[in-house]
Amino acid sequence: MRLVFAGTPETALAPLRALLDSPRHEVVAVVTRPDAQSGRGRKVHPSPVAELAESAGIEVLRPAKAGDPEFLARLKAIDPDCCPVVAYGALLPQSALDIPRHGWINLHFSLLPAWRGAAPVQHAVLHGDPITGAATFQIVKALDAGPVYGVVTEEIRPDDTSGELLARLSESGAGLLAATLDGVEDGTLEARPQPAEGVSYAPKLEVADARVDWTAPAMRVDRLVRACTPNPGAWTEFRGARLKLGPVAPVPGPSAPVPAEGALAPGQIAVAKDTVLVGTATHPVRLGEVQPQGKRLMTAGEWARGVRPGADDRLA
């Protein structure tokens with residue numbers, strides 16, 4: 001089939017490569033978000049999908065909106081059989097959905113109808129799901145509600161960050177997307193409606209959502225930090241300045257060094273050699289890597305040696 005691939009971030013690269021390597025399909029163009037500022041210098045860079053497409057000599061379309069008349073006219077002229085989508089990041093109007101003969105087929109990183117929306121992997125980690133996966137479905141006007149072609153499953157490991165889990169799903173989902181397009185071309189694959197039960201939503205996690213509440217249980221703190229790693233990045237405050245947090249490790253029981261009274265109050269810090277513990281509503285968590293405002297990423301031990309937390313210091 002003639003394909004126009006829609007995607008933007010690094011997550012979409014493995015599926016795009018799978019289709020570029022497919023002997024059955026031809027990727028004739030990609031649709032991606034406009035070039036954006038990134039990095040310390042805030043220079044304008046193309047998206048990862050745009051960079052891969054350009055290196056492969058494929059036309060790149062960067063509409064500000066997928067309903068722009070110039071974009072729709074160009075898409076009609078290309079005349080794709082199908083438009084596979086992976087993390088494109090923009091709404092598709094009906095005028096765009098109607099152009100390809102086989103519609104737009106999305107690779108979504110959840111087991112639909114669970115976690116419809118922008119951040120399915122983050123919410124799966126945040127809510128402690130033991131299993132997640134990826135699904136291919138026909139895009140309709142309603143959010144992630146179209147009929148499903150196929151799924152793959154993936155175990156969520158106890159120490160998974162959303163970034164690590166998403167990387168695995170991107171690889172397994174790439175095979176699922178290619179197989180789905182094969183079946184659509186052959187006419188051997190039929191999309192099935194999603195069940196009405198089990199629908200949940202996964203809105204984007206903002207920076208404010210990533211602030212750690214030390215009065216929550218240790219399990220909740222652990223899940224929040226892992227869910228927000230690498231984006232938007234978990235954080236707290238120390239002495240009025242923001243402190244970014246890498247994954248933490250819950251430390252159950254009395255096995256770790258704590259103050260003489262035997263417990264740490266929420267946000268209270270205890271340091272012993274290179275171990276930095278912080279109190280929660282239940283048992284402490286051990287800090288891993290941290291990044292003080294305006295400084296480099298470092299181990300919690302390095303940070304503690306520099307700031308020397310006092311008895312009255314708290315993570316807020």
Side-chain angles (χ1 to χ4, degrees), residues 5-19 21-22 24-25 82 84-89 103-140 142-186 188-205 219-220 222-231 247:
F5 180 92
T8 298
E10 189 173 342
T11 305
L13 295 184
L16 176 55
R17 289 191 184 100
L19 298 180
D21 293 339
S22 171
R24 300 189 53 170
H25 309 293
C82 187
V85 184
V86 185
Y88 171 45
W104 297 64
I105 296 177
N106 191 26
L107 173 65
H108 183 75
F109 297 113
S110 81
L111 297 176
L112 292 170
W115 303 130
R116 295 175 179 175
V121 174
Q122 290 169 314
H123 281 269
V125 173
L126 180 62
H127 289 81
D129 292 358
I131 298 289
T132 188
T136 49
F137 71 94
Q138 190 83 37
I139 293 182
V140 297
L143 177 65
D144 297 337
V148 173
Y149 286 102
V151 300
V152 291
T153 60
E154 180 73 36
E155 179 184 359
I156 301 180
R157 300 166 186 168
D159 58 349
D160 263 336
T161 66
S162 62
E164 292 164 343
L165 179 56
L166 187 57
R168 298 203 306 274
L169 288 171
S170 176
E171 294 293 336
S172 59
L176 172 64
L177 181 60
T180 296
L181 295 174
D182 290 348
V184 168
E185 183 182 39
D186 294 339
T188 58
L189 191 59
E190 179 183 354
R192 301 293 178 90
Q194 295 183 33
E197 302 79 21
V199 176
S200 55
Y201 292 94
K204 181 181 178 181
L205 293 182
M219 179 182 294
R220 174 70 179 182
D222 168 46
R223 289 176 180 173
L224 174 68
V225 176
R226 289 188 292 111
C228 293
T229 302
N231 293 309

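The first residue in the sequence is number 1, and the count goes up from there.
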Result block: side-chain N/O donor-acceptor pairs under 3.5 angstrom for residues 6-14, not counting sequence neighbours:
| unit_1 | atom_1 | unit_2 | atom_2 | d |
| --- | --- | --- | --- | --- |
| T8 | OG1 | T32 | OG1 | 3.4 |
| T8 | OG1 | R33 | N | 3.3 |
| T8 | OG1 | Y88 | O | 2.8 |

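To the nearest 0.5 Å, atom CD of residue E154 and atom CD1 of residue I131 are 8.0 Å apart. Note that NE2 of H108 is 12.5 Å distant from CG of L176, once rounded to the nearest 0.5 Å. The CD atom of E190 sits 9.5 Å away from the OH atom of Y149 when rounded to the nearest 0.5 Å. The distance from the CG atom of L165 to the OG1 atom of T229 is 12.5 Å, given to the nearest 0.5 Å. Rounding to the nearest 0.5 Å gives a distance of 6.0 Å between CG of L181 and CG of L19.
By the 4.5 Å heavy-atom criterion applied to side chains, L126 and L224 are counted as neighbours. Residues R157 and E164 fail the side-chain proximity criterion, which asks for heavy atoms closer than 4.5 Å. The shortest side-chain heavy-atom distance between L166 and Q122 does not fall under the 4.5 Å cut-off. A heavy-atom distance below 4.5 Å is not found between the side chains of P247 and D159. D144 is not listed as a side-chain neighbour of W115, based on a closest heavy-atom distance of 4.5 Å or more. At a threshold of 4.5 Å between non-hydrogen side-chain atoms, the residues Q138 and V184 do not count as touching.
Contact between V121 and S162 at its shortest, heavy atoms only, is CG1-O, 3.6 Å. When all heavy atoms are compared, the tightest approach of P147 to V140 is CD-CG1, 4.3 Å. The minimum heavy-atom distance linking V148 with F137 is given by the pair CA-CB, 3.9 Å. Nearest heavy-atom pair, L143 versus G117, reported as atom, atom and distance to 0.1 Å: CD2-CA, 4.1 Å. Closest heavy-atom contact between C82 and I105: SG-CD1, 3.7 Å. The two atoms that bring L205 and C228 nearest to each other are CD1-SG, 4.1 Å, heavy atoms only.
When only modelled atom types and interatomic distance are considered, D129 and H123 share no side-chain donor-acceptor pair under 3.5 Å. Between the side chains of T180 and T136, a donor-acceptor pair is found at a separation under 3.5 Å.
A salt bridge (charged side-chain N to carboxylate O under 4.0 Å, His left out) with D160 holds for exactly one of R168, R226, R223; it is R168.
Between the Q194 side chain and the G146 main chain, a donor and an acceptor come within less than 3.5 Å of each other.
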